[in-house]
Amino acid sequence: MGMARETETRIAVDGVSLDFPLYHTSGRSLKKTLISSVSKRMGEDAKRRIVVQALRDVSFTLTPGDRLGLIGSNGAGKTTLLRTLAGIYEPDMGSIRVHGTLDALLDPNLGMNVNLTGRENIMLRGLYAGLDKAGLVQLEEDVRHFADMDDFLGLPVRIYSAGMVIRLGFALATAIRPQVLLMDEWFLAGDAGFMEKARARLEDMVRDAEILVLSSHNTEALLEWCTRVIWMEQGRIQMDGPTETVLEAYLGHAVKQT
């Protein structure tokens, strides 16, 4: 079997573990209390700090055509894994190799500077993506048309309402189509009017991506968009397999794709 080309879109996660230190907990008795009360997720690092073991020995590989869903209870490690894949967190152990352009739809404010205007944020996003002058003009037109907030693009984002920030953030995040798309369930939420307009745009982006990783509690979205699901619990992979098989094990009942 030949080796995959280095240029092929690919995610390879090998033995990834990640700890979050808890500060101001150096007292021996407090350490003992914390470790005993949440024993499976707490521990000590080499510096004898109390840490939350956010991810433990996570491994999987994704290639073009893979559509991976992440499920699990709150705090299971889904969002932490997404943020680690996106490069926001660096693993303490193991490695993550991503080949291909990547975009992470994790937070409406991600990558935005609230002290800059909406238009300046659009330009920064385009420059970061390597767009030329014509591409920057096209990006601004696309975001302006979708967000429908012409009168505010010249004003600082810090004065925007929450709804305006969501519209601009969504428009910016979905304007540039990556090969690898990481998405948290925030992008499946929102008021009905907004989502009616946004869903078609989001579905096009999902369809265009070579690899999708989606963290969600939304069974319908997972069944519709994902071919494979990883069930996370306490920072570890509990189960990895076809979408329906893993969802049925997680939910404890049969599921059907509509």
Side-chain angles (χ1 to χ4, degrees), residues 69-70 74 78-89 98 100-218 220-222 224-225:
L70 300 176
N74 290 333
K78 306 183 301 297
T79 298
T80 300
L81 178 55
L82 273 183
R83 288 176 175 269
T84 306
L85 292 174
I88 297 171
Y89 300 144
V98 178
T101 59
L102 179 148
D103 200 359
L105 310 189
L106 305 180
D107 184 289
N109 298 317
L110 193 64
M112 279 203 290
N113 184 329
V114 297
N115 292 313
L116 299 180
T117 67
R119 183 168 289 109
E120 288 168 336
N121 273 285
I122 295 170
M123 291 299 104
L124 280 178
R125 181 67 63 92
L127 290 170
Y128 179 78
L131 299 183
D132 58 16
K133 187 173 181 180
L136 291 174
V137 172
Q138 185 177 354
L139 175 65
E140 180 176 341
E141 176 61 20
D142 178 76
V143 172
R144 183 190 64 77
H145 175 74
F146 181 82
D148 193 22
M149 44 191 298
D150 292 11
D151 295 340
F152 292 89
L153 287 182
L155 300 176
V157 171
R158 68 173 182 271
I159 71 168
Y160 289 8
S161 68
M164 290 166 61
V165 170
I166 288 175
R167 293 211 310 275
L168 177 61
F170 186 96
L172 266 178
T174 55
I176 299 171
R177 304 299 169 91
Q179 293 170 301
V180 176
L181 176 60
L182 311 178
M183 188 164 67
D184 209 346
E185 61 187 350
W186 175 86
F187 277 83
L188 301 174
D191 64 82
F194 173 74
M195 284 310 299
E196 185 177 352
K197 181 179 181 181
R199 187 170 179 84
R201 183 177 172 101
L202 190 56
E203 286 177 343
D204 282 345
M205 191 176 188
V206 169
R207 191 162 41 245
D208 289 346
E210 293 183 34
I211 294 174
L212 169 71
V213 184
L214 167 65
S215 170
S216 180
H217 293 286
N218 188 320
E220 290 183 6
L222 291 166
E224 181 182 355
W225 287 347

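Numbering of residues begins at 1 and proceeds along the displayed sequence.
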In chain order, what residues pass the side chain to side chain contact (heavy atoms under 4.5 Å, CB included) check against Leu124, with sequence neighbours excluded?
->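 Applying side chain to side chain contact (heavy atoms under 4.5 Å, CB included) to Leu124 gives Leu116.
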For residues [X] and [Y], determine if any side-chain heavy atom of one lies less than 4.5 Å from a side-chain heavy atom of the other.
X      : Y      : result
Leu172 : Ile122 : yes
Arg201 : Asp142 : yes
Leu131 : Gln138 : no

For a quick test of reading the model, state the closest non-hydrogen atom pair linking [X] to [Y] and the distance between them.
X      : Y      : value
Thr117 : Leu153 : CB-O, 3.4 Å
Phe170 : Ala198 : CZ-CB, 3.4 Å
Ala171 : Val143 : CB-CG1, 3.8 Å
Leu85  : Val98  : O-CG2, 4.2 Å
Ala129 : Ile176 : CB-CD1, 3.4 Å
Ala86  : Leu106 : CB-CD1, 4.3 Å

Pairs where residues 143-155 contributes a residue and the test side chain to side chain donor-acceptor pair (under 3.5 Å) is met, not counting sequence neighbours =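 Every side chain to side chain donor-acceptor pair (under 3.5 Å) pair that includes a residue of residues 143-155, provided the two are not neighbours, is Glu141-Arg144, Arg144-Asp150.
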How would you list, by chain and number, every residue that makes a side chain to side chain donor-acceptor pair (under 3.5 Å) with [X], sequence neighbours excluded?
X      : value
Thr79  : Asp184
Asp132 : none
Asp103 : none
Thr84  : none

Which distance, rounded to the nearest 0.5 Å, do you find between the [atom1] of [X] and the [atom2] of [Y]?
X      : Y      : atom1 : atom2 : result
Glu140 : Glu120 : CD    : CD    : 11.0 Å
Leu139 : Met123 : CG    : CE    : 6.0 Å
Leu181 : Leu105 : CG    : CG    : 5.0 Å
Ser216 : Met183 : OG    : CE    : 8.0 Å
Arg119 : Leu168 : CZ    : CG    : 11.0 Å
Glu224 : Leu222 : CD    : CG    : 10.5 Å

Just list the side-chain donor-acceptor pairs under 3.5 Å for residues 202-213, sequence neighbours left out, or say none.
{"from": "Glu203", "atom 1": "OE2", "to": "Arg199", "atom 2": "NE", "distance (Å)": "3.0"}
{"from": "Asp204", "atom 1": "OD1", "to": "Arg207", "atom 2": "NH2", "distance (Å)": "2.3"}
{"from": "Asp208", "atom 1": "OD2", "to": "Arg177", "atom 2": "NH1", "distance (Å)": "3.0"}
{"from": "Glu210", "atom 1": "OE1", "to": "Thr9", "atom 2": "OG1", "distance (Å)": "2.8"}
{"from": "Glu210", "atom 1": "OE2", "to": "Gln179", "atom 2": "NE2", "distance (Å)": "3.3"}

Can you list, pair by pair, the side-chain donor-acceptor contacts under 3.5 Å of residues 155-163, counting residues two or more places apart and other chains?
{"from": "Tyr160", "atom 1": "OH", "to": "Gly118", "atom 2": "N", "distance (Å)": "3.4"}
{"from": "Tyr160", "atom 1": "OH", "to": "Phe152", "atom 2": "O", "distance (Å)": "2.6"}
{"from": "Tyr160", "atom 1": "OH", "to": "Leu155", "atom 2": "O", "distance (Å)": "3.3"}
{"from": "Ser161", "atom 1": "OG", "to": "Met164", "atom 2": "N", "distance (Å)": "3.2"}

